[in-house]
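The sequence lines fix the lettering, A, B, ..., with proteins before strands; numbering per chain opens at 1.
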Amino acid sequence: MSTGGQKNMIKTKYKTYDDFQKNGGENAWQKIWEKQKLNQAEDFAKKEKKYILVEFPYPSGAGLHVGHVRSYTALDIMSRMLRLQGYNVLYPMGWDAFGLPTENYAIKNKIHPRIATEQNIATFKKQMKNLGLSFDWSREIDTTDPKYYRWTQWIFLQLYKKGLAYKKKMPINWCPSCKIGLAHEEVVDGKCERCGAEVEQREKEQWILGITKYADRLIKDLDTVDYLDKIKTQQVNWIGKSEGAELKFEVRSLPAMQSIALQAGKKLEKKEYITVFTTRPDTLFGATYMVLAPEHPLIKNLESNIYNYSEVKKYIEKAKNKSELQRTSLDKEKTGVELKGIKAINPANNEEIPVWIADYVLASYGTGAIMAVPAHDERDFEFAKKFNLEIIEVISGGNIRKEAYAGVGKLVNSGEFDGLDSEEAKKVITKKVGGKLKTQYKLRDWVFSRQHYWGEPIPMVYCEKCKWVPIPEKDLPVELPDVKHYEPTDTGESPLAAIKDWVNTKCPKCGGPAKRETDTMPNWAGSSWYFLRYCDPKNNKAFADAEKLKYWLPVDLYNGGMEHTTLHLLYSRFWNKFLYDCGLVPISEPYAKRVSHGMVLAEDGKKMSKSLGNVVNPDEVVNNVGADSLRLYEMFMGPFADTIPWSTEGVKGVRRFLEKVWSLREKVETQNNVETHCNASLRTRLHKTIKKVTEDIKEMKFNTAVSAMMIFVNEAQKEGISKDDFKKFLIILAPFAPHIAAELFSQLGNKESIFKQSWPSYDENLIKDKTIKLAIQVNGKLRDTMEAAADITDAEAKEKALASEKVQKWTEGKEIVKVIVVKNRLVNVVVK
RNA sequence: GCCGCCGUGGUGGAAUUGGUAGACGCGCUGGACUCAAAAUCCAGUGGUAGCAAUACCGUGUCGGUUCGAGUCCGACCGGCGGCACCA
């Protein structure tokens with residue numbers, strides 16, 4: 001209890017915490033911080049830098065989600081602690097504002113997407129400020145600002161110059177609902193990742209980025225960064241590297257069949273080959289048939305040699321009409337048609353083997369054709385069984401009468417190679433048949449064109465004479481023109497195509513008439529390099545100054561959603577590597593460390609959604625209990641990476657905690673009687689708490705840090721607390737609940753901001769307990785506990801344990817086999 | 001189907017990495033204050049038995065290793081996430 005001579009001289013207009021929170025106490029502090037420019041990062045400061053980054057949001061009309069609050073607060077806490085520890089911290093924020101939802105909103109409400117974006121940004125920014133997040137607003141960026149997307153376009157031109165952006169007609173995934181082409185990464189289970197509509201295949205001329213050129217490095221360099229394991233695994237799987245060989249099989253028209261065939265019978269005009277990719281060239285002797293994807297171009301070339309061509313054509317038509325989803329989900333029954341009239345020659349033994357088409361072979365992977373080795377591949381085995389094709393064992397070790405054996409082993413039935421190890425045989429056999437070793441990836445090049453209005457115009461012009469010509473860099477940005485209608489079209493043309501006087505332009509090369517590219521970039525473009533722009537957001541000579549990049553990069557900690565692992569995270573690593581290769585950024589990996597937050601579910605355990613009416617609005621929570629409570633609750637709710645349902649009751653709990661903190665004002669002893677009233681155990685507790693909170697923030701274990709502070713406050717409430725100790729406590733509380741911490745700190749008579757203090761250190765000696773509780777076990781079961789001096793010797797502990805009456809009760813009449821002592825922890829008496 | 005992660009009170013979750021399971025918070029029960037309620041404060045709160053001391057059981061299930069297992073190993077059950085005919 002506080003009975004100190006002088007009453008504390010706390011001057012405040014707020015009588016209670018409720019008074020403070022309800023009457024603008026938090027906002028008042030936010031204004032002060034803004035004035036003091038506390039959160040601005042300083043280029044080239046002598047202090048050690050830390051670049052803390054959280055994915056910038058898409059400013060939707062729905063406003064901030066409590067899920068945003070979770071990750072922004074978490075990194076805010078880290079940033080604030082780092083600043084207090086003396087680092088020069090860059091913790092920026094901006095807007096990833098191009099994209100479909102805004103465009104749709106704009107269409108529906110007849111409002112220009114630019115206006116809608118501005119409104120949404122204003123809302124988001126206000127919400128963020130109300131939360132007391134310590135972003136450096138002087139570095140705010142907006143991907144839809146021409147001053148920003150000028151450089152997005154500029155980077156595109158660099159990609160073009162290096163041959164990494166190219167235009168190609170290819171089948172793409174088309175979302176009929178969004179009326180837009182999608183990248184491979186944006187298709188989930190055959191559906192559009194945004195709206196869930198089933199995608200269709202369409203042939204279209206598209207701008208493509210050659211990300212596959214970087215596939216190998218995107219895998220390899222993961223070794224140099226600190227990402228969560230599951231993030232690395234997901235990227236590695238997505239890139240899907242496999243090593244094998246490309247082998248060529250000659251195709252022959254069968255003389256025997258020629259007489260039967262009505263229109264067949266011609267000899268092949270030139271030699272035709274089927275090239276396959278295989279990871280198992282060692283099984284070549286077991287290749288008993290071949291399979292082409294229905295889309296394989298060879299089929300058309302051999303039309304006159306295939307006498308069942310009408311049947312084949314029917315099958316191809318059927319396959320074409322199946323969506324990607326159907327083709328992959330009807331995974332059980334395999335179907336196919338033999339190409340009658342032609343055979344392939346197995347180059348290993350010159351045997352004629354049949355050629356089939358089947359949709360279990362994908363045109364988009366490898367060469368669109370396979371050699372089928374039913375003895376050693378599950379799918380081929382299934383197919384061979386169904387169509388009665390030959391199965392020859394060439395690797396020993398399995399039971400191929402029952403199932404395919406995909407393992408390794410010694411070669412059999414492989415002529416001169418019998419007895420060889422399968423691993424070794426891969427190289428030898430490839431060489432012998434004139435094949436070449438090859439690495440294949442699942443990753444596909446990035447379809448970069450979108451047929452919409454609200455995106456960065458692709459800075460290219462098409463001239464009949466000069467073909468595709470890039471816009472000169474000095475003429476950037478190519479600004480989005482105003483249009484009357486920005487509805488997407490079903491024809492696959494961007495709404496920009498309708499603006500004739502924008503589309504029709506002059507060729508920058510020959511001056512002749514030319515047309516602008518009317519497709520825009522995908523919403524992933526602006527976010528692929530935004531972390532670079534934060535280093536130098538106002539530069540209009542370059543996307544960022546090289547020296548500034550050198551100072552700030554890499555991003556020391558990057559937090560974002562798991563859903564971006566194979567999209568934004570991969571894309572931005574690719575762009576950064578490209579810029580690195582151009583000598584424009586100083587490091588090849590942009591993010592030193594990547595972590596991911598868990599989702600915040602609704603109170604009912606379901607995903608928050610407007611339609612379910614279970615959305616928690618952060619503004620309401622801030623109004624009711626304050627930003628500090630919201631922040632603290634989201635940290636306390638559970639481990640940062642876990643998905644956790646919202647709990648309104650839980651919010652009450654942390655609010656009570658803050659009220660207790662406020663009431664500690666009355667428990668504060670003046671400096672005069674520190675020694676008499678502040679007992680040593682609270683001091684010990686404080687230092688333990690400092691240690692725990694410091695370490696937990698670093699490890700992102702915010703929930704246990706909050707719990708430690710609660711324990712401290714509970715104790716302080718009972719014991720009373722010295723002014724000095726209270727100050728230290730407020731500093732460690734400040735990153736979590738900056739408003740109340742700043743207020744109480746100032747109420748204690750401190751003129752200087754709490755955020756200009758330095759992070760308290762802890763004294764290891766103080767943390768050490770003088771006495772410990774020793775657990776006494778008999779045969780591993782707890783039977784007694786006793787107080788003992790810390791660092792009690794093993795012998796003393798043993799003696800003490802054996803002296804215990806309760807222990808004696810359990811050892812009576814038994815033989816003591818041994819006694820195990822764990823220092824400062826327990827004694828286990830083992831009896832028989 | 002394959003790969004990865006995870007199963008702890010009524011509830012969100014702790015547990016020094018093999019050493020007293022259930023910290024902290026919520027809820028609940030009882031009490032104080034109040035005309036009353038709310039708020040607040042105090043006490044209790046894994047289960048079973050007992051007035052109690054205490055005993056037994058207890059971290060998805062079964063088994064194993066160990067003086068000692070929530071933690072390690074094996075099998076199974078359940079949940080979540082990723083990939084899914086990738087040759």
Given atom [atom1] of [X] and atom [atom2] of [N], what is their separation to the nearest angstrom?
| X | N | atom1 | atom2 | value |
| --- | --- | --- | --- | --- |
| A:Asp642 | B:rG79 | CG | C1' | 14 Å |
| A:Glu193 | B:rG81 | CD | C1' | 16 Å |
| A:Leu284 | B:rA87 | CG | P | 17 Å |
| A:Asp784 | B:rA53 | CG | P | 15 Å |

> What orientation do A:Phe387 and A:Trp356 show, parallel under 30°, tilted 30 to 60°, or perpendicular over 60°?
Replying inline: tilted

At under 4.0 Å between heavy atoms, what does [X] touch on the DNA or RNA strands: base, sugar-phosphate, or nothing?
| X | value |
| --- | --- |
| A:Asn828 | base |
| A:Gln777 | base |
| A:Pro639 | sugar-phosphate |
| A:Lys832 | nothing |

Nearest-nucleotide pick for [X], side chain only, options being [options]:
| X | options | answer |
| --- | --- | --- |
| A:Thr704 | B:rU54, B:rA87, B:rA14 | B:rA14 |
| A:Lys334 | B:rC85, B:rC24, B:rA87 | B:rC85 |
| A:Val830 | B:rC67, B:rC83, B:rG19 | B:rC67 |
| A:Glu649 | B:rC26, B:rA87, B:rU54 | B:rC26 |
| A:Ser242 | B:rC67, B:rU20, B:rA87 | B:rA87 |

> A:Ile239 and side-chain contact (heavy atoms from CB on, under 4.5 Å): which partner among A:Leu570, A:Leu222, A:Thr212?
Replying inline: A:Leu570

> For A:Ser647 and A:Gln234, take the nucleotide of RNA chain B holding the closest heavy atom to each; which residue's nucleotide lies nearer the 5' end?
Replying inline: A:Ser647

> When you match A:Val654 and A:Val822 each to their closest nucleotide on RNA chain B, which lands nearer the 5' end?
Replying inline: A:Val822

Nearest-Å distance once atom [atom1] is located in both [N] and [M]:
| N | M | atom1 | answer |
| --- | --- | --- | --- |
| B:rG68 | B:rG78 | C1' | 29 Å |
| B:rU8 | B:rG70 | C1' | 7 Å |
| B:rU61 | B:rG7 | C1' | 11 Å |
| B:rG63 | B:rG10 | C1' | 31 Å |

>> Using the rule given for ring pair (Phe, Tyr, Trp, His ring centres under 6.0 Å), can you reason through A:Phe712 versus A:Phe729, listing the C-alpha separation, both sets of side-chain angles and the distance that settles it, and then say yes or no?
In response: CA-CA 9 Å; A:Phe712 175 78; A:Phe729 170 73; 5.0 Å; yes

Indicate whether OP1 or OP2 belonging to [N] is found under 4.0 Å from a side-chain N or O atom of [X].
| X | N | value |
| --- | --- | --- |
| A:Asn703 | B:rA14 | yes |
| A:Lys781 | B:rC57 | yes |
| A:Thr233 | B:rG82 | no |
| A:Trp810 | B:rU54 | no |
| A:Arg656 | B:rU40 | yes |
| A:Lys660 | B:rU40 | no |
| A:Asn714 | B:rG25 | yes |
| A:Arg783 | B:rG68 | no |

> Does B:rU45 fall in syn (glycosidic angle within 90° of 0) or anti?
Replying inline: anti

> Where does B:rG68 fall, syn or anti, if syn means a chi angle no more than 90° from 0?
Replying inline: anti

>> Taking the ring centre of each residue, are A:Phe383 and A:Tyr360 less than 6.0 Å apart?
In response: yes

> Applying a 3.5 Å limit to both distances, which nucleotide forms a Watson-Crick or G-U wobble pair with B:rG10?
Replying inline: B:rC26

>> Does A:Asp380 form a salt bridge (Lys or Arg N to Asp or Glu O under 4.0 Å) with A:Lys334? I'd like the steps, not just the answer.
In response: CA-CA 10 Å; A:Asp380 298 345; A:Lys334 291 216 167 12; over 6 Å; no

>> Check this for me: does the side-chain of A:Arg825 come within 3.5 Å of the base of B:rU16 through a donor and an acceptor?
In response: yes

> Does A:Lys442 make a side-chain donor-acceptor contact with the base of B:rC83, cut-off 3.5 Å?
Replying inline: no

> Are the side chain of A:Thr793 and the backbone of A:Glu796 linked by a donor-acceptor contact shorter than 3.5 Å?
Replying inline: yes

> Hey, is A:Glu423 close enough to A:Lys426 for a salt bridge, meaning N to O under 4.0 Å?
Replying inline: yes

